[in-house]
Amino acid sequence: MAASQVNAGLLFVYGECGPSVTEEEFNEWYDKEHVPARLALPEFSTAARYQAADRKSPSWLAIYDMTTVEVLQGDAYRALSVNASATEKSIISRLAVLHRGVYRLFLTVENPDLDAALLPGKIVLAAGILPNTPEQEEEIDRWYSHEHLPLLSKVPGFIRARRFKLLGDDERAGKADPSSPVIAFPHLTLYDWESASFVDEPAYKEAVSTPWASKLVTELAGSEIRPFTLYRSFAK
């Protein structure tokens, strides 16, 4: 296991079209305007978009890797909103969800035989955790480091796991339902997999059903695990 670059971060963005935006319109804007504008900033290193594999909402996810989270406070990034096109302003005003979570990366575990060409994984599992107490948070960190990630890294098809801590979040969609907000979990882990077949592997089933894992799940204040299929990755 390796600690990660200081200040490296993630922009984790859920999207849902709702009744006022078509998926064709949404994807056209996202792929040709929204993502390229952010990747033009040197601090944004990679971007990828995913579609939910569980048929739940939000049904779209975009993730951006950043060399530093401070870029989000800079003039160049702020100018993207100030100078947004009429198309972007119109679409965002009509979306049901455009929820942005800002995370700091603090741990990366990779397959020792990692082939960089496999990134981003065809399947990404997003796991959010809300601990009950600071003591439980410490136990979760121990569990990840001493049991969970070492076991998962042995599962066929495992590419990478990355752990993040939440810095802040906001909802930007004009048609967002305030009675059903998106939850930004304080702890987020993203698992990259070669395919969805990992769930059928005995080693995976063992890793997620140990006594320690079962104990933690019953004690958490909240959690969510969602699978996403790669829709498109973007090059700089």
Side-chain angles (χ1 to χ4, degrees), residues 1-14 45 50 54 56 58 61 63-73 99-112 114 119-121 123-155 157-171 181-193 198-199 201-228:
M1 297 188 192
S4 298
Q5 178 184 348
V6 176
N7 288 335
L10 183 84
L11 197 55
F12 183 92
V13 186
Y14 274 135
S45 53
Y50 301 84
D54 56 8
K56 293 181 180 179
L61 170 65
I63 60 175
Y64 305 83
D65 290 306
M66 302 174 290
T67 56
T68 172
V69 294
E70 278 67 31
V71 63
L72 302 179
Q73 306 303 320
H99 182 272
R100 190 185 76 150
V102 180
Y103 288 84
R104 190 183 303 278
L105 175 66
F106 73 95
L107 184 68
T108 299
V109 176
E110 296 178 340
N111 185 318
L114 175 66
L119 290 172
I123 297 292
V124 161
L125 202 63
I129 288 179
L130 176 61
N132 255 316
T133 64
E135 291 76 19
Q136 187 184 50
E137 185 172 8
E138 293 175 0
E139 184 180 5
I140 289 168
D141 287 341
R142 292 195 301 272
W143 170 69
Y144 265 107
S145 296
H146 298 300
E147 178 183 276
H148 187 60
L149 294 180
L151 288 176
L152 276 188
S153 65
K154 299 175 183 177
V155 178
F158 173 84
I159 301 173
R160 177 180 67 180
R162 295 183 294 165
R163 296 194 63 202
F164 303 86
K165 289 188 178 180
L166 181 68
L167 298 177
D169 71 295
D170 62 337
E171 176 60 70
V182 172
I183 297 173
F185 287 90
H187 289 261
L188 173 69
T189 305
L190 296 181
Y191 306 88
D192 285 272
W193 297 92
F198 72 90
V199 296
E201 294 288 346
Y204 176 76
K205 295 177 181 179
E206 176 189 354
V208 298
S209 61
T210 67
W212 198 358
S214 299
K215 169 183 175 294
L216 286 175
V217 168
T218 60
E219 295 174 348
L220 291 172
S223 64
E224 179 181 74
I225 300 176
R226 297 201 57 196
F228 289 87

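What you are looking at is a predicted structure, and each value in this text was computed from that prediction instead of being measured.
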- Item | Heavy-atom side-chain contact between Arg100 and Val102 under 4.5 Å | yes
- Could you tell me whether the side chain of Leu61 reaches within less than 4.5 Å of the side chain of Arg226, counting heavy atoms only? no
- Can you name the side chain to side chain donor-acceptor pair (under 3.5 Å) partners of Glu138, sequence neighbours left out? none
- Could you grab the distance from atom CD of Gln136 to atom CD1 of Ile129, nearest 0.5 Å is fine? 8.5 Å
- Item | Inter-residue atom distance Ser153.OG - Arg160.CZ, 0.5 Å rounding | 14.5 Å
- ring pair (Phe, Tyr, Trp, His ring centres under 6.0 Å) involving Phe164 - partner list, sequence neighbours excluded: none
- Message: If you define the side chain from C-beta out and look only at heavy atoms, does anything of Leu10 sit under 4.5 Å from Ile63?
- Response: yes
- Mind listing the closest non-hydrogen atom pair of Pro120 and Tyr50 along with its distance? CB-OH, 3.3 Å
- Spacing of NZ belonging to Lys56 relative to CZ belonging to Phe228, to within rounding of 0.5 Å: 10.0 Å
- Heavy-atom neighbours of Leu114 CG exceed 12 at 6.0 Å: yes
- Apply ring pair (Phe, Tyr, Trp, His ring centres under 6.0 Å) to Phe12 and list each qualifying residue two or more places apart in sequence or on a separate chain. Tyr14
- Spacing of Tyr144 atom OH and Arg163 atom CZ [to the nearest 0.5 Å]: 5.5 Å
- Report yes if some heavy atom in the side chain of Ile225 is under 4.5 Å from a heavy atom in the side chain of Leu125; otherwise report no. yes
- Query: Shortest non-hydrogen contact from Ile159 to Gly121?
  - Reply: CD1-CA, 3.9 Å
- Nearest heavy-atom approach of Ala161 to Leu149 is CB-CD2, 3.8 Å
- Note on the structure: Hits for side chain to side chain donor-acceptor pair (under 3.5 Å) against Thr210, two or more places apart or cross-chain, chain-then-number order -> Glu147
- Phe198 meets the ring pair (Phe, Tyr, Trp, His ring centres under 6.0 Å) criterion, sequence neighbours left out, with Trp193, Tyr204
- Looking at residues at least two apart in the chain, or sitting in another chain, which of them share a side chain to side chain donor-acceptor pair (under 3.5 Å) with Asp65? Thr46, Arg162
- With rounding to the nearest 0.5 Å, note down the distance linking CG in Leu220 to CG in Asn132. 7.0 Å
- Message: Strictly below 4.0 Å, N to O, side chains only: are Lys215 and Glu139 in salt-bridge contact?
- Response: yes
- Closest approach of Val182 to Pro58 (non-hydrogen atoms, all atoms of both residues): CG2-CG, 4.0 Å
- Query: Closest heavy-atom contact between Glu110 and Phe158?
  - Reply: C-CE2, 4.0 Å
- Task: Compare every heavy atom of His99 with every heavy atom of Ala184, then report the nearest pair and how far apart it is.
- Result: CB-CE1, 3.8 Å
- Message: If I take atom CG from residue Asn111 and atom NZ from residue Lys154, how far apart are they, to the nearest 0.5 angstrom?
- Response: 12.5 Å
